[in-house]
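In this chain, residues are counted from 1 in sequence order.
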Amino acid sequence: MIEVNFSPEVDLAKSDQIIKEIARDPFGGWLALPKKYDMGEFIRIKEAAKKINEESEYLVCIGIGGSYLGHRAIIEALHPHSETKIIYAGNSLSKRELDRALEKVGDHDFSINVISKSGTTLEPAIAFAAFKKKIIEKYGEEEACSRIYATTDRKEGALHDEAVTAGYTCFVVPDSIGGRYSVLSAVGMLPMAVAGIDVDKIIEGAAEAVESAVEPATKYAWMRYELAAKNYDTEVFASFEPATMYFNEWLKQLFGESEGKNKQGIFPASVIYSTDLHSMGQFMQDGRRNLFETIIDYPTDETNQKVVKAVRVAHVEGGIPVLDIKVPSFDEKGFGELIYFFELACAMSAKLFGVNPFDQPGVEAYKKELQRLM
């Protein structure tokens, strides 16, 4: 079970009300997902992963934001063994990066998992067009279509319509789950299964967290709210495991996109220690005191634990409020629990700030302007 080292003033009645509001929200489907999983689709995901492993050296995962950060975070952290390697594309508009991904695939056998609810987001749309051209040229249209897996809307949208027409294997982005909360859906499960992650254990950990994570997530949400009221407006997520860099990136999206509205919210940043002690360490120790630090304490070796203790003591003495989240295990079950814990804590925290955790109007503003310019 995830442990926290702080005891804020918690309004239990308000906390219960917030959880009920999340459960009723049209985008609150992730709350019960681990215990109400569509096992028919789960079996299809594992069957598709087996097929991809048998016939492909690479799986090209095309998506941006919540369509790739969560599952990449777990794959990078656990570094599982699989003969099929994951290549990521469609998460920027850099032609140089797209060319590098195409070059890496080269003449190797590959499949594509394009992840987009609408199919119209520009970055993945451009990457999908490039890789679709490559896969058709290599295999011919019929076999190419059998190697394309679309994770998209159940009923409508550009990608859904193309997938139905072309005969791609389809998996569902649930209507009730937004992108940054979708790690435990097919969005994350297919790439993780292909990469060699034990997805049954991911779900097992998340299912246990449905009950066990409520208390620590509630405490964490209220502690953040208390600190914000005292003008601590920046949160630094600190990890001591370099492999968790992308988990920090997912956290930054989760909290930044969920809370940053109506001039509210806490700015999320991240560091990887001890590496960043030799770059950001000076600022953390002696810089502006508008920040607090959340240490994600993964099980690690004795030397690393000594660094954790040293940093905690030094930063507290330097005037930084330090929150400590202790992760039970560095494996699939532990990450399943951790994903659910942060999703719940983030949604509760946004509600405390009085904003909608599940929309992103600021992102839509940039998209509209980009479409105009294009």
Side-chain angles (χ1 to χ4, degrees), residues 2-8 65 69-70 72-73 76-77 91-92 180 219-327 330 338 341-342 345-346 349-350 352-353 355 362-363 366:
I2 289 172
E3 299 175 13
V4 297
N5 72 333
F6 38 88
S7 299
L69 273 175
R72 184 170 190 176
E76 297 275 351
N91 49 63
S92 79
R180 56 191 176 274
K219 286 183 178 180
Y220 177 49
W222 277 96
M223 194 70 224
R224 296 177 80 254
Y225 186 64
E226 285 185 11
L227 287 167
K230 296 175 182 178
N231 296 320
Y232 291 99
D233 58 14
T234 298
E235 178 175 20
V236 179
F237 294 105
S239 168
F240 293 75
E241 285 292 339
T244 62
M245 182 188 73
Y246 269 96
F247 194 85
N248 286 358
E249 292 301 308
W250 175 72
L251 286 174
K252 283 152 65 174
Q253 186 206 4
L254 181 68
F255 281 89
E257 212 167 59
S258 296
E259 283 186 349
K261 296 150 197 173
N262 302 333
K263 308 300 183 285
Q264 297 292 318
I266 297 168
F267 184 83
S270 69
V271 290
I272 297 289
Y273 294 146
S274 63
T275 304
D276 283 340
L277 290 174
H278 299 266
S279 57
M280 293 297 292
Q282 176 62 40
F283 190 96
M284 294 298 294
Q285 192 67 39
D286 290 334
R288 289 181 62 202
R289 299 295 82 172
N290 67 322
L291 58 85
F292 65 96
E293 189 170 42
T294 297
I295 292 177
I296 306 173
D297 191 358
Y298 298 98
T300 186
D301 60 86
E302 184 178 352
T303 301
N304 231 6
Q305 277 302 310
K306 289 179 180 178
V307 178
V308 175
K309 291 176 183 177
V311 168
R312 188 183 293 118
V313 170
H315 288 182
V316 169
E317 290 179 352
I320 299 175
V322 177
L323 310 184
D324 209 353
I325 296 171
K326 195 169 186 64
V327 183
F330 201 89
L338 195 59
F341 164 82
F342 275 118
C346 180
S349 187
L352 288 173
F353 283 112
V355 299
V363 177
Y366 116 80

Please round to the nearest 0.5 Å and tell me the distance separating atom [atom1] of [X] and atom [atom2] of [Y].
X: Glu257; Y: Arg180; atom1: CD; atom2: CZ; value: 4.5 Å
X: Leu277; Y: Ser279; atom1: CG; atom2: OG; value: 8.0 Å
X: Ile325; Y: Tyr298; atom1: CD1; atom2: OH; value: 9.5 Å
X: Leu291; Y: Ile320; atom1: CG; atom2: CD1; value: 5.5 Å
X: Lys252; Y: Phe267; atom1: NZ; atom2: CZ; value: 7.5 Å

Would a 4.5 Å heavy-atom cut-off, applied to side chains only, mark [X] and [Y] as touching?
X: Arg224; Y: Phe292; result: yes
X: Leu251; Y: Thr294; result: no
X: Leu323; Y: Val4; result: no
X: Phe353; Y: Asn262; result: no
X: Tyr232; Y: Pro321; result: yes
X: Leu352; Y: Trp222; result: yes

Quick one: do Lys230 and Glu226 make a salt bridge, cutoff under 4.0 Å?
-> no
Nearest heavy-atom neighbours spanning [X] and [Y]:
X: Val355; Y: Glu259; result: CG2-O, 3.8 Å
X: Ser270; Y: Glu249; result: OG-OE2, 4.2 Å
X: Val322; Y: Val316; result: CG2-CG2, 3.7 Å
X: Ile272; Y: Pro242; result: CG2-CA, 3.7 Å
X: Ala345; Y: Ala221; result: O-CB, 3.7 Å
X: Ala77; Y: Phe330; result: O-CE2, 3.5 Å

Going by the angle between their ring planes, with limits at 30° and 60°, are Phe255 and Phe237 parallel, tilted or perpendicular?
-> tilted
Parallel, tilted or perpendicular: which fits the ring planes of Phe342 and Trp250, with parallel below 30° and perpendicular above 60°?
->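 Aromatic pair Phe342/Trp250 classed perpendicular.
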Return yes when atom OH of Tyr225 has more than 12 non-hydrogen atoms of other residues, nucleotides or ligands closer than 6.0 Å, and no otherwise.
->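 No, the 6.0 Å shell around OH holds no more than 12 heavy atoms from other groups.
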Do you know which of Thr300, Asp297, Thr275, Ile295 makes side chain to side chain contact (heavy atoms under 4.5 Å, CB included) with Phe240?
-> Ile295
Please determine which of Val271, Val236, Ile296 meets the side chain to side chain contact (heavy atoms under 4.5 Å, CB included) test together with Asn248.
-> Ile296
Which atom pairs, donor and acceptor, lie under 3.5 Å between side-chain atoms of residues 282-289 and protein residues at least two apart or in another chain?
from   : atom 1 : to     : atom 2 : distance (Å)
Gln282 : NE2    : Asp286 : OD2    : 3.0
Gln285 : NE2    : Ala314 : O      : 2.8
Arg289 : NE     : Gly287 : O      : 2.9
Arg289 : NH1    : Met284 : O      : 3.2
Arg289 : NH1    : Gln285 : O      : 3.4
Arg289 : NH1    : Gly318 : O      : 2.9
Arg289 : NH2    : Phe283 : O      : 3.2
Arg289 : NH2    : Met284 : O      : 2.8
Arg289 : NH2    : Gly287 : O      : 3.2

Can you check whether Asp324's main-chain N or O pairs, donor with acceptor, with Asn5's side chain at less than 3.5 Å?
->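 Confirmed, Asn5 side chain pairs with Asp324 backbone.
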